[in-house]
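All values reported here derive from a predicted model rather than from experimental measurement.
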Amino acid sequence: MILSGHTHGGQIRLFGWGIREKGGIKNINGTTVVISNGYGTTTLPLRLMAPAESHIFILKRK
């Protein structure tokens, strides 16, 4: 498992476009990847069309 940072979802998105990738779940080369919008901001304390989010992962043994 890899836990990493987040993208802020671009923090500001206009008409579906933003500087960074919006959060979501993807499958890359057979690996499930979760990209989070996070819940903070950067220098500009504003979020537009990139809602804050946090994830809870429940790990279970097979």
Side-chain angles (χ1 to χ4, degrees):
M1 176 185 344
I2 298 172
L3 298 176
S4 188
H6 57 270
T7 67
H8 292 272
Q11 196 169 324
I12 298 174
R13 303 188 70 78
L14 299 172
F15 307 106
W17 182 86
I19 294 172
R20 300 279 187 248
E21 189 170 358
K22 188 173 179 184
I25 299 173
K26 298 181 174 188
N27 190 306
I28 299 175
N29 297 328
T31 300
T32 301
V33 177
V34 177
I35 300 171
S36 172
N37 281 346
Y39 53 85
T41 59
T42 58
T43 307
L44 184 63
L46 172 70
R47 294 187 78 97
L48 180 64
M49 304 301 291
E53 62 184 6
S54 184
H55 300 278
I56 297 173
F57 295 96
I58 298 172
L59 305 177
K60 295 183 179 181
R61 193 178 296 245
K62 282 187 174 184

Q: Answer with yes or no whether the hydrophobic clustering places I56 together with V34; edges join I, L, V, M, F, W, Y residues whose side-chain heavy atoms lie under 4.5 Å apart.
A: no
Q: With a 6.0 Å cut-off (strictly less than), is the heavy-atom count around CD1 of I25, excluding the residue itself, greater than 12?
A: no
Q: Considering all heavy atoms of both residues, which atom of I35 and which atom of H55 are nearest to each other, and what is their separation?
A: O-NE2, 4.5 Å
